[in-house]
There are 2 protein chains.
Amino acid sequence: MQYSKATNYALHSMVFLALIPKEKTIGVRPLAEFQNVSPTYLSKVLTNLVKAGFIQSTPGVKGGYQLIKDTTDITLLEIIHAIEGSATLFNCRLNNNDLHDHHHCLIQEVMEEAEKKMENHLKKQTLQGIVKQVDKNKMSYLLSKSV
Amino acid sequence: MQYSKATNYALHSMVFLALIPKEKTIGVRPLAEFQNVSPTYLSKVLTNLVKAGFIQSTPGVKGGYQLIKDTTDITLLEIIHAIEGSATLFNCRLNNNDLHDHHHCLIQEVMEEAEKKMENHLKKQTLQGIVKQVDKNKMSYLLSKSV
DNA sequence: ATATTATAGATACATTAAATCTATAATTAG
DNA sequence: CTAATTATAGATTTAATGTATCTATAATAT
């Protein structure tokens with residue numbers, strides 16, 4: 001079980017977008033090249049981020065993508081959910097006739113508790129938290145490409 | 001992203017096995033019927049649990065599977081790892097030439113922290129914890145089939 | 001010796017992620 | 001207004017992986 005490549009691209013793209021001046025836009029081409037992925041595929045991922053309200057897209061010359069939400073108001077969990085959806089990681093698949101709906105699965109209960117621990121942590125991790133660290137390292141984030 | 005059906009089967013099978021008398025064995029057939037899965041497929045899952053050292057298998061008449069470890073000494077995390085492996089949920093897939101190994105990914109760092117929260121919780125959840133609850137409910141676990 | 005049960009290997013099937021292609025719409029520049 | 005640029009949508013293809021089946025083999029009990 002692993003997070004999808006799409007989620008990978010989404011998270012890295014968001015960090016990238018957070019690092020460029022807010023009034024500027026950036027095209028899908030450089031974003032894709034940076035991540036070694038085809039622009040057409042990445043654009044589909046980015047569209048999900050647009051629909052989630054994190055970024056804005058403008059077509060045409062000088063168009064591209066840009067953040068429209070404050071980095072302190074975007075959590076990693078939200079980004080992940082925008083791509084992966086928000087279904088629970090574990091779902092009891094016992095479909096026994098005798099199993100009634102109100103009989104909740106004890107295993108599922110525990111698994112959901114565990115997942116919540118992870119989510120609670122990711123809920124506290126804002127995009128700003130990542131970006132801040134990049135600056136702190138005093139490395140040219142874009143040049144080193146070590147996002 | 002979701003845990004595999006195999007993990008589902010493994011967890012439920014372990015609870016089932018924990019509920020039968022320790023000296024008795026149970027064949028793959030009833031275990032499979034209980035979970036609405038083919039015996040041949042479930043046996044492959046169970047073999048992984050054998051290799052992990054949780055259960056024992058004996059061929060032949062009156063053979064089958066049985067627990068060989070104490071329920072207080074088996075955690076849900078261990079069972080999950082026996083099926084899913086222990087790779088991290090998130091892996092930075094940026095493979096830029098300019099990216100050196102020692103440049104660790106900030107996103108990955110956070111994601112691993114988050115995953116650890118979940119794992120720490122599952123590490124504390126023993127098979128006994130589940131089984132105990134089943135008894136507490138005073139329901140015939142096997143009859144109600146509401147694992 | 002026979003019936004029973006697990007295991008291993010090969011294979012097939014199904015689902016989903018990942019990626020590509022084409023056409024369309026929106027925007028800017030000239 | 002026209003041409004170039006850029007994002008979007010839809011259909012389609014490819015690849016990867018999870019799920020499942022089949023057959024043969026080995027081990028055990030009666």
Rounded interatomic separation in angstrom, taking [atom1] from [X] and [atom2] from [N]:
X: B:Q2; N: C:dT15; atom1: CD; atom2: P; value: 15 Å
X: A:I26; N: D:dT5; atom1: CD1; atom2: P; value: 18 Å
X: B:N48; N: D:dT19; atom1: CG; atom2: C1'; value: 14 Å
X: A:I83; N: C:dA18; atom1: CD1; atom2: P; value: 11 Å
X: A:N36; N: C:dA19; atom1: CG; atom2: C1'; value: 15 Å
X: A:L46; N: D:dT6; atom1: CG; atom2: P; value: 15 Å
X: B:I55; N: C:dT5; atom1: CD1; atom2: C1'; value: 14 Å
X: B:L42; N: C:dT5; atom1: CG; atom2: P; value: 15 Å

Of the nucleotides [options], which one has an atom closest to the side chain of [X]?
X: A:T40; options: C:dA6, C:dA18, C:dC21; answer: C:dC21
X: A:Y9; options: D:dT19, C:dA19, C:dT28; answer: C:dA19
X: A:K44; options: C:dT4, D:dA11, C:dA6; answer: D:dA11
X: A:V61; options: D:dT28, D:dT19, C:dT27; answer: C:dT27
X: A:K62; options: C:dA6, C:dA29, C:dA19; answer: C:dA29
X: B:S38; options: D:dA7, D:dA9, D:dA20; answer: D:dA20

(request) Check whether any side-chain heavy atom of B:Q35 sits under 4.5 Å from a side-chain heavy atom of B:L42, and report yes or no. (result)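 Of all side-chain heavy-atom pairs linking B:L42 with B:Q35, at least one is under 4.5 Å.
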
(request) Side-chain contact test, heavy atoms from C-beta onward, threshold under 4.5 Å: evaluate it for A:T88 versus A:M111 and give yes or no. (result)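 No; the side chains remain at least 4.5 Å from each other.
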
(message) Looking only at side-chain N and O atoms, does A:Q128 offer a donor or acceptor that is under 3.5 Å from a partner on A:T72?
(response)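 A:Q128 and A:T72 do not have a side-chain donor-acceptor pair below 3.5 Å.
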
[X] side-chain N/O to [N] phosphate OP1/OP2 under 4.0 Å:
X: B:S57; N: C:dT7; answer: yes
X: B:T47; N: C:dT7; answer: yes
X: B:Y41; N: C:dA8; answer: no
X: A:S43; N: D:dA7; answer: no

(request) Find the distance between CE (B:M118) and CD (A:E113) and round it off to the nearest 0.5 Å. (result)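 Spacing of CE (B:M118) from CD (A:E113) equals 13.5 Å.
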
(message) Is it the case that atom NZ in B:K69 sees more than 12 heavy atoms from other parts of the structure closer than 6.0 Å?
(response)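 Yes, enclosed.
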
(request) Kindly check if the number of other-residue, nucleotide or ligand heavy atoms within 6.0 Å of NZ (B:K22) is above 12? (result)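 Check passes, neighbour count above 12.
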
(request) Return the 5'-most residue of the pair B:G60, A:G60 with respect to DNA chain C, ranking by each residue's nearest nucleotide. (result)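 So the residue in question is B:G60.
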
(request) Name the residue closer to the 5' end of DNA chain C, choosing between A:P59 and A:V37 according to the nucleotide with the nearest heavy atom. (result)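 In this pair, the answer is A:V37.
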
(request) Find which nucleotide of DNA chain D each of A:V28 and A:M1 is nearest to by heavy atoms, and output the residue with the more 5' nucleotide. (result)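 With A:V28 and A:M1 compared, the 5'-side residue is A:V28.
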
